[in-house]
**Q** 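Have a look at this one.
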Amino acid sequence: MKRHTFLLILGVLSLGVIQAVPLLNGADQIDKIVSLLKSKRVGLVVNHTSLVGDKQVHLLDTLLSRGVHVVSVFAPEHGFRGNADAGEVVMNGRDKQSGLSVISLYGKNKKPTREQLSGIDVIVFDIQDVGARFYTYISTMYYVMQSCAETGVEMVVLDRPNPNDYIDGPIMQDTLRSFVGMLPLPVLHGLTIGELAGMIRGENWGDTHSLKLTVIPVKGWQHGDSYILPVKPSPNLPNSRSITLYPSLCFFEATDISVGRGTRYPFQVLGYPDKKFGTFSFIPRALPGFDKNPLQKDKTCFGIDLREIEVSGGLSLKYILDFYRIADQGKSFFTRPRFFDMLMGNTQVRMDIIAGKNESQIKGRWADELKEYRQMRKRYLLYPDFRNFD
């Protein structure tokens, strides 16, 4: 479904006709963008999701066609075209179509250097997020904001809806800070990328308070509205179901349980080479466009298929608790315990799972800190949110 065909239903008129307003992402408001960038030297932090209009033309190509002086492109995890595997080093290069240099922000250098920002007046950030703290595009944005604040470069964020628009999970502990968790946010932060940029600056995280920040908001969307992405945001989130399940299944990346990487349905299945985990089976393979070297490669995994069953959005601990119980390995189930803690942003959850706590007991531990977070979040909302979280 293309972005402009996704409609927000506003109401039913007296004649029974549904009035609908097209959803416009920040990048779709090109006249406003061009006016902001006029006569400025521009750097872009973009990837394959940075598309404009019904024809889904890349933002870079759109700006160049309008005479904007783009001098360089910065690429996040998965690269400028979005085809690098998770965790794969992204190399510097050159965009064949425009001839512009592409500077990697996923490798040795995750934060733009002063030299890389030299000759740039404004950075434009336009990348689709999925609302989870460990999705690394927001870590890239944080570093870019820091660099811009340090060098006096302006920043423009083109906003897009949050397809996982929930608030849940523990607030990240500072001792667990990493590129999969840079900020004191819950696992699901309930913000758009533009709102999050406002929070980072407003709370002065990373000494960003001096940053000159402009956010171009989405039109025709509010919190609580669903949103179907027109293009997969990363290689292993190919559809809405995978995006919905991603916040709950990502914790398995710190175990030997496969989340379906190396299949055409990643983050929609779970399995391990042991029949005790379920009757459904799949075999992870080296799969271009998804994963070149997946966990449990070429082994038959047994487990569960989540593609057809009803799943709800938000953060569920059911899957990790069920597989922990079936595995019957105790703390050894967590093959990378430190990484699990970094993904969760908290050391207590793993301890609670090992101690046999249930989901409600575990979630009860972070209720108070989430209440405090929700109050802070209200200060940075750009869109109405009529949901009652309390």
**Q** Would you tell me whether Ser242 and Gln268 have side-chain atoms, one donor and one acceptor, within less than 3.5 Å of each other?
**A**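 No, no side-chain donor-acceptor pair sits under 3.5 Å.
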**Q** Name all residues meeting the side-chain hydrogen bond (donor to acceptor under 3.5 Å, both in side chains) criterion together with Ser98; count only those two or more places apart in sequence or in a different chain, and write none if there are none.
**A**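 Scan of Ser98 (side-chain hydrogen bond (donor to acceptor under 3.5 Å, both in side chains), adjacent residues dropped) gives Asp95.
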**Q** Taking C-beta and beyond as the side chain, do Leu306 and Leu249 meet within less than 4.5 Å on heavy atoms?
**A**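 Yes; the side chains approach each other to less than 4.5 Å.
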**Q** Do you know which two heavy atoms are closest between Ile120 and Ser72, and how far apart they sit?
**A**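 For Ile120 versus Ser72, the nearest heavy atoms are CD1-OG, 3.5 Å.
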**Q** Who pairs with Gln296 by side chain to side chain contact (heavy atoms under 4.5 Å, CB included), at least two apart in sequence or on another chain?
**A**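 Gln296: side chain to side chain contact (heavy atoms under 4.5 Å, CB included) contacts with Asp256, Ser258, Tyr272, Pro273, Pro284, Lys299, Cys301.
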**Q** Which atom pairs, donor and acceptor, lie under 3.5 Å between side-chain atoms of residues 329-341 and protein residues at least two apart or in another chain?
**A**
from: Thr335; atom 1: OG1; to: Ala254; atom 2: O; distance (Å): 3.2
from: Arg336; atom 1: NH2; to: Glu253; atom 2: O; distance (Å): 2.8
from: Arg338; atom 1: NH2; to: Thr175; atom 2: O; distance (Å): 3.0
from: Asp341; atom 1: OD1; to: Arg350; atom 2: NE; distance (Å): 3.0
from: Asp341; atom 1: OD2; to: Arg350; atom 2: NE; distance (Å): 3.4
from: Asp341; atom 1: OD2; to: Arg350; atom 2: NH2; distance (Å): 2.8

**Q** Atom CG in Asp31, atom CG in Leu36: separation rounded to 0.5 Å?
**A**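 It comes to 11.0 Å.
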**Q** May I ask you to decide if the ring planes of Tyr383 and Trp221 are parallel, tilted or perpendicular, using 30° and 60° as cut-offs?
**A**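 Rings of Tyr383 and Trp221: perpendicular, as their planes differ by over 60°.
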**Q** Do Trp366 and Asp168 get their side chains close enough for a donor-acceptor pair, meaning under 3.5 Å?
**A**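 Yes, because at least one side-chain N or O of Trp366 sits under 3.5 Å from a partner of the opposite role on Asp168.
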**Q** With sequence neighbours left out, write down each residue that passes side chain to side chain contact (heavy atoms under 4.5 Å, CB included) with Asp126, or none if nothing qualifies.
**A**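 Here the qualifying residues are Ala27, Val46, Ser50, Leu59, Leu158, Arg160.
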**Q** Could you walk me through whether Asp298 and Arg285 satisfy the side chain to side chain contact (heavy atoms under 4.5 Å, CB included) test, starting with their C-alpha distance in whole Å, then the side-chain angles of each, then the deciding distance to 0.1 Å, before giving a yes or no?
**A** CA-CA 5 Å; Asp298 298 328; Arg285 309 278 194 191; 3.4 Å; yes
**Q** List in chain and number order the residues that pass side chain to side chain contact (heavy atoms under 4.5 Å, CB included) with Glu359, two or more places apart in sequence or in another chain; answer none if no residue qualifies.
**A**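 Checked Glu359 against side chain to side chain contact (heavy atoms under 4.5 Å, CB included); matches are Ser316, Leu317, Lys318, Leu321, Lys363.
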**Q** Who passes salt bridge (charged side-chain N to carboxylate O under 4.0 Å, His left out) against Asp368, sequence neighbours left out?
**A**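 Expected list: none.
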**Q** Do His223 and Glu195 have a side chain donor and acceptor closer than 3.5 Å?
**A**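 Distance-only check passes for His223 and Glu195.
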